[in-house]
Structures are given as C-alpha cells and as structure tokens.
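Chain identifiers are assigned alphabetically (A, B, ...) following the order of the sequence lines, protein sequences preceding nucleic acid strands; residue numbering begins at 1 within each chain. Note: hydrogens, waters and symmetry copies are ignored here, and every other heavy atom, side chains too, is used.
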Number of protein chains: 2
Amino acid sequence: MRSTVSALALAVSLVAGAVQAQSIPETAAALRDKALAGSPAYDILESLTTEVGPRPTGSPAQKRAMEWGVAKLKALGFSNVHVEPFSKQAWTRGPESAEITGPYPQKLAILGLGGTIPTPPDGIEAPIALFHTYADMLAAPTGSLSGKIAVVTEPMVRTENGAGYGAVILMRVIGPQEAARRGAVAYLIRSLSTADDRFPHTGNMEPASIPAAALSPVDAALIDRMAARGQPVTIRLKLDSHITQNAQAWNVVGEIKGREHPEQVVVIGGHLDSWDPGTGAIDDGAGVAITTATGKLIADLPRAPRRTVRVVMFGSEETDGSGAAYAAAHKGEVANIVLGGESDLGSDRIYKLRLAPGGVADPALKGLADLLAPLKIIVDKAPADDAGADIEGLQALGAPIMTYYQDASRYFDTHHSANDVIERVDRKSLDQNVAAWAALIYTVAESDVDFRKGGK
Amino acid sequence: MRSTVSALALAVSLVAGAVQAQSIPETAAALRDKALAGSPAYDILESLTTEVGPRPTGSPAQKRAMEWGVAKLKALGFSNVHVEPFSKQAWTRGPESAEITGPYPQKLAILGLGGTIPTPPDGIEAPIALFHTYADMLAAPTGSLSGKIAVVTEPMVRTENGAGYGAVILMRVIGPQEAARRGAVAYLIRSLSTADDRFPHTGNMEPASIPAAALSPVDAALIDRMAARGQPVTIRLKLDSHITQNAQAWNVVGEIKGREHPEQVVVIGGHLDSWDPGTGAIDDGAGVAITTATGKLIADLPRAPRRTVRVVMFGSEETDGSGAAYAAAHKGEVANIVLGGESDLGSDRIYKLRLAPGGVADPALKGLADLLAPLKIIVDKAPADDAGADIEGLQALGAPIMTYYQDASRYFDTHHSANDVIERVDRKSLDQNVAAWAALIYTVAESDVDFRKGGK
C-alpha cells in the first residue's frame, strides 16, 4: 500500500507544480508511472500509420511524413521544431513477380531487395542453383553459377536479442554481389524472417550487377521440397524499380530546451522512414512514438530539465542516410552532446540497459537500478557499444551512447514485410518502453552526470 | 503396459495376415493406432501442395491435380481408379489492386471475390460508404449508396465449430447483390478471417452487377481508423478476371472393392480443387489426404472389408459444382450407399462424431465410443445434418451421412488466403483425423450396420 500512496502523492505534487520538493529519482519515478498508466505513444503511432502509412525515402509519403512530424511535434508542445534537409539516393519499387516454371509451375511470393537492379522487362528465366546455407554458396567457385539463378534458403534463428538477424544479414546485404561474382544471373534468398508464413521481407543490399529478391519463408521451403525430388527447378523473375539521385530527405527535430544548460543536449529518436510494403509500425513508427512520447512527458513537467532534451525523427535510416547526415550537420556540437540513443527494435519490452562508460558509476545515476527494476529492466555494467544506425555517426565523433535492449523475439516475424502494421504492437509493452526512456532521459537531463568521465 | 502389449500383438497379427482371428473392433483399433503412429496423409498432402499447388477450377493446375490424383490412387493400391468428368463455369483472376486515394493515400491488400465482374480497365474511384456491420448496410435504403463504394468492416468471430463463419458468410455471398441494389458502384468487405494480419481471403459470391473484393483484416481496420477522423475516404479499385463457360472438371475416384457386398458403398472424400492464392493445404488438401490415407490403410489390410470403400477427390467444391455432379452421376446407386462423409474443415483435431439416425443404436457400432475415446472424440447421439458440400447432393437423394467435427479455431486464420500452405498443418492432428476416419470407415464397411434402419 505504501508505494501506491507514495505514487499518488507524487502525481498530485506534479500536478500542483510542487516539483521543487521532489528529488530527481522521485520525479523520474513519477514519469515512469505516468507512462505505464498510459503514454501518448500509441496515439502517435496510430496517427503516423493511419495518416501517412509506408514512407520510403524518395516517395511522396516521405514528404508527408516529414510534414506530419513537424505538425505533431508542434502540437505536442516541443520547441525549436524544424527540419534538417539532406539529399540521398532513393530506390523505388515497381511491379514484381516470380514463379516456378518447372517442373511444377507455381507462383512465388517475393519482394525485390532495396537497391536491386531491375530485370529485363520480360524477366529472367533460368534453372536454379540451390544452397541450403549461405556458406554453401560462398564455397561455390567463381563462375560455377553461370547462367543460374542462385537461391539460398538458409532459415533465420529466433533469438531474444536479435542475434539471429546478425547471423544471416550478409546473405542479404552482400549475397547479391557474391552470387554475381560466381556467375549467377539473379539471386534469391529466403527472407530474413522468423515466421513461417507467406510474407516476403525486403531490406537493403549493396549494389550488385544482378537482380536480387527475397522469397517468403514458405516459398523458400517449397523450392527446397521441389528440388529434393531431383528434377531441375526453373524460375522466372521479373523486377522493376528506378533510382532517384539526390532525393530530398529530412531529419525532423523538436526540443525541450534546458533551463540551465540549454547547450548541453541529450539526443534521442527513432527513424521516420520505413520500407514500402507495410506501414512501418514496428520499424520504426514505434521508435518515433516511444521517443516522441518520452519528450512529451518531459515537456509536460512543470519546469524543463536543466539540460536540453532533443527528439529527432531520423529521415532515412533504411538507406543508411540520416545518421550520417545528422552527424555531419552536428559535428561542431558533439562535445555538448551528453548522451545519444535510438529506439529501433520495435515495440516489445525492454529488458536491459547499457550506458556509456562512467555512467553507471556516476553518483547522479545512483538510483537508476531501483528506478528501472519495477519495469523488469536490469542495468548491465558493460558499456553500450551499439546505439542504432542513426546515432553511429555521433558515436564515431565521440558522443556517449546508450542502448536499451528490447525483446526481439517477435520483431523479425514481420519486420520489413507488408505485415509490419499497428496490429503487431502491444500497447502495454510500448508504454513500458516510454516509461524506461522517460525515467532515464529525465534523470540524465536533470542531473550533472558526465558519461565521458571515467570512461575508457 | 497391458494396452501397449495388446497393441503390439495386434500389429503383429496384422502383419502376419492373421486378421480372421480379430474382431471388428480389434482391427479398427489396430488401424487407429497405426494411423496415430504415422499415417501416409502428410506425405500425400506434401506431394499435392508441392507438385501441383493452387488448383482452381478452370486452371491448367486443376488438370494437373486430376492427373496427380489418378496417379496417386493407383500408386497407393486403389482399384477402379477413374475420373468422372463434368463441366462447370470457371472464374479466373487477373491483376488486381486497390488503394485509398484520399485523405491519406495508402495501398490496400485485397483479393477479388470469386465470380466478381471486372472493373473498367482504369478502375473505379469513388468515396466510400462505411458500415461497421453487414446489418447496418442492409438497413440502408435502396439507392442510398448511389455513386459510393460500399465497405463493410464487420469482423469475424473465432469459434471452435466454425459458427463464426456462418454468422458472416452472407456478407460475402449475397453482400455484392445487396450493395448493388442500394446503388453502390463497388463493394468491399473485411475478409472472413479470424486473423489480424495482412492476408486478404477470397471466396465465392453470387453473381452481382458490381465488382466486389475482400480487404485484409488490417486494411479494413485502417479504413475504420481513417474514416473516424471525419474526412471523406475515397478508394480506387481495379479488378480483372474472366469467365470460362463449360470448363472441364473431374471427380477422381478410387476404391477398395468389398469382398462380400461390392455393390454396397461407403463414400468418403475431400475436394481436390482449391482457391488460387495459397496452395490449398488446409482447404482442402488436408481432406483429400485424410480420406486417401484412410483408404490406403484399409487397402493394406490382409483382406478387403465386406463392403466397398470409395474415396472421391471432388473436383470443384469451391464453385459448388462437384457435389451436384457426383449426385447426378450416382443417383441410381443411392440405395446402395451405406454412408457418405467429407473431410473439409482443415487438419486440426476431430472432437465429435455425428452419424445418420439409427447408426449409434445399431449393435454393429456398439464398440464405437470406446474406439474413439482414446482419440478424445465423443460420439454425439444427435443425427448428423451436415456432411459437407460435396455430399449434400447424395444426402438430398436419401443417402445416410456422417460428420466428424474438427476444431476450427485456427482454420479461418488462413482459409482462402495465400497463407493456406502446408506449414499450417500439424502432423499429429492430421494423423488423429486419419485414425478416426480409418477406425470408423473400416467398422462400417466390415459390419452390416444399416443407417436407414430406425432412422427418422
């Protein structure tokens, strides 16, 4: 009972503006509990996925997403709302199809990989060279795939921390080049997916001289079964797409200006762009919603924290553009960036925090473990080493980073597929994320913690 | 231990051909246990879905399915393997697309309903009239939907016995006519699906003067959310398709000829045709596999049962054609049809049996409840009243029928969608089905049970 009474008292004191009476951990706990009771994140995500939908770089929807972001940040009470434009090459999908033409004709569910070249208009029809693992294909000699469509059907392993994705991602990113080097005329992979359904999953690839696409897991298994019968399997693949050089993109920014050290900035965000098949709910509408809701909760405090909290909706993560653009535009400011972090692994619960060196030991963060324990989050003493693609640029310039580890068990069931929609988002888990971000970011912004101090 | 030893002894006696020493319940139990230990059903289903795939009436694949059926029945040792041709109007899907054009443009995942007319080549673009239930649309006055695309977003309820499907099926079958009567220019429904994913589900409809399609459940919910914002929602719909009059279709038949009363026939089967988006694994490759495996297990007995067991792969259930064709071709034989039954509700476990009147009370079926109890199937004393669409014609002519009730909880997650694939099939449940069918059908075929006796 005591804790309930105490939480109530804190809530009342927040409303009354009597925040001066509260310690940093008390206010942080109140923010945490307010988020848990129902944060604005779900409504932000619902707004983005309903009013914009899929928003790949170079699409008209990407511009609408930028306008949505500006309007949303202003409506939520952020200050210094603005966009930071940059240009980026954009790849746009056209009509696509694939089918087995023999021995047993069947249509295949595929998605071209982001950046693939198109096939000739009539497509490419060729016998396949089938590999059950990517390593098997790499073991094939140069030229040995001449005239063949290389097909790799290695499945992805489900893991809590997403390590299964890392284990196979080269199959998608570099695989097309490797298949081309061995003479293949096209390249197909089993989607990097942990589901066994009919959705193909797209994703980026390095430029290659042959077209490349991802099969749904079910279609990859079908090819495996058909090939096991011993007759040659032939596939016809048609892909269309076009490249736009210097497409416009935007990082969208809003702030809660620090009341004592406005020049000291905590940078958090998610990415606003998405792949085209779904509505980009878990990748990364969720991250945008979590970090925007975090800023909104902090903005609603009776007074701003001592340092500035900056929320960035990064504009082109999937093409690896917005992090570099952000770092280039802010390299003069890096010494003043207190901490940077990105939410980009969906909406399922956070279970672990890692901070920049020195952070855990800093007296200002003494209460952090207790603050996060009710959220079932542990504070790992190992230093954060991965802050997300959009923060990597700042990290390389010396900015301290943090990582919240989310349960990624379900994430790759729908990531980069048409099924990345708001129905995949569990509202309670989303709010647990906001609670964790709000409690931490407020603590960092209100205190004088120095993540550079005592670090390696 | 005793039952294990007993089952082993039975298995040994079967192998030794010492079946004469066994009672009917003993042999039925041995068939049941053999099926549970691993029936041929999964391999049959794997063969059909891999070597043929989707096989709608009027497609080249439907002919390949017929040839597959003939070859499979012969290879499995059935006698009197033949096809019974009939003609049927066929509807073939062409390219389809739909998108919200305002206020927030987004692509929609749809499938035209089977039998829909095409739209003009440039499609139909119109504001929507949105109804959250089908009853709401029926309440709209004649002419009130003039110039609108009627959209009904009523969700389907998940139930064990499939009653949720029956509750909304008119929305799909008759809905297009009802929308046209009220002036609509096109008709869209939330798919009859219990999932909340991005797969639209097709299905048949009565001929209507306007085009009609099914939205994925996710896309229907998107329209609901967008419309709730108060601005008019407009949709562009493009459907293409063509009709083939007098397409050829085939019922494929194989028998285990009765050793004493070959003219007395137990008719069982599933349907070989499927919708086009998936591979027709649960609808109804599973039913074909279950009943074919049942026949195979009976054919492998040292001697045939006294009556004939006939397995029919019905050729055009989804267009409501094969049952009528079968009844028309066999009306002179109805007095000799001992019992008819179809497996057409997927591959999940059977939980209940209903028989024709008189069957349960017949002394020949005295041991039936004990035979099915280990499979967790109850024998319901109420008379069977629904034998499946392909048996309805025989039923109308007076043939006794049976119904095995399957758990349909998952069935409508993927039924009629691209995700109806073999990955949805649980092998253990499939074998439980075969065990139930084999035990029952052997008992009926070996005994002198008369389902007409004592019936109403």
Side-chain angles (χ1 to χ4, degrees), chain A residues 43 45-55 59-61 64-65 68 93 95 97 99-100 102-109 195-200 216-229 231 233 276-281 413-414 417-425, chain B residues 43 45-55 59-61 64-65 68 93 95 97 99-100 102-109 195-200 216-229 231 233 276-281 413-414 417-425:
Chain A
D43 287 347
L45 180 60
E46 194 269 353
S47 173
L48 176 60
T49 54
T50 304
E51 295 161 25
V52 181
R55 44 201 180 275
S59 69
R64 287 167 45 218
W68 172 92
R93 187 186 311 281
S97 67
E99 57 193 315
I100 297 168
Y104 308 115
Q106 290 210 35
K107 288 184 181 166
L108 295 168
D196 66 350
D197 61 25
R198 206 74 193 274
F199 291 112
S216 91
V218 159
D219 291 83
L222 173 68
I223 292 170
D224 276 339
R225 291 199 307 275
M226 206 181 281
R229 282 155 166 79
Q231 292 178 259
V233 174
D276 50 328
T279 61
D413 286 351
T414 53
S417 83
N419 206 24
D420 176 4
V421 291
I422 197 167
E423 282 78 2
R424 302 291 80 75
V425 172
Chain B
D43 287 347
L45 180 61
E46 194 270 352
S47 172
L48 175 60
T49 54
T50 305
E51 295 161 24
V52 182
R55 44 203 181 273
S59 69
R64 287 167 44 217
W68 173 91
R93 188 186 311 280
S97 67
E99 57 191 315
I100 296 169
Y104 308 115
Q106 290 210 33
K107 288 185 182 168
L108 295 168
D196 65 350
D197 62 24
R198 207 74 194 275
F199 291 113
S216 91
V218 159
D219 291 84
L222 174 68
I223 292 170
D224 276 340
R225 290 199 308 275
M226 206 181 281
R229 282 155 165 79
Q231 292 177 259
V233 174
D276 50 328
T279 61
D413 287 351
T414 52
S417 83
N419 205 23
D420 175 4
V421 290
I422 197 166
E423 281 78 2
R424 302 290 79 76
V425 171

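Proximity to chain A involves both the backbone and the side chain of B/Thr49, based on heavy atoms less than 4.5 angstrom apart. The part of B/Ile422 that comes within reach of chain A is its side chain, from C-beta onward, which places non-hydrogen atoms under 4.5 angstrom from that chain. Interface remark: B/Ser59 contributes no atoms to any contact with chain A (heavy atom separation under 4.5 Å). Using a 4.5 Å cut-off between heavy atoms, B/Val421 touches chain A through its side chain atoms alone. Contact of A/Pro95 with chain B is not made at all, since no heavy-atom distance falls under 4.5 Å. B/Gln106 touches chain A through its side chain: at least one heavy atom from C-beta onward sits under 4.5 Å away, while N, CA, C and O do not.
Listed options B/Gly53, B/Pro60, B/Pro105, B/Pro217 were ranked by heavy-atom pairs under 4.5 angstrom with chain A; first place goes to B/Pro105. Comparing B/Thr414, B/Val218, B/Asp197, B/Leu222 by heavy-atom pairs within less than 4.5 Å of chain A, the highest count is held by B/Val218. The candidate from A/Glu46, A/Arg198, A/Arg64 with the greatest count of non-hydrogen atom pairs under 4.5 Å with chain B is A/Arg198.
Proximity of a side-chain donor or acceptor of B/Arg55 to a complementary backbone N or O of B/Gly280 within less than 3.5 Å is detected.
Distance check, rounded to the nearest 0.5 Å: CG of A/Asn419 to OG1 of A/Thr279 gives 9.5 Å. With rounding to the nearest 0.5 angstrom, the CD1 atom of B/Ile223 is 11.5 Å from the OG1 atom of A/Thr50. If you take CG on A/Asp420 and CZ on A/Phe199, they are separated by 11.0 Å, rounding to the nearest 0.5 Å. To the nearest 0.5 Å, the span separating CG on B/Asp413 from CZ on B/Arg424 amounts to 9.0 Å. Atom CD of A/Glu423 and atom CG of B/Asp196 lie 5.5 Å apart (nearest 0.5 Å). The structure places CG of B/Asp219 at 10.0 Å from CE of B/Met226, a figure rounded to the nearest 0.5 Å.
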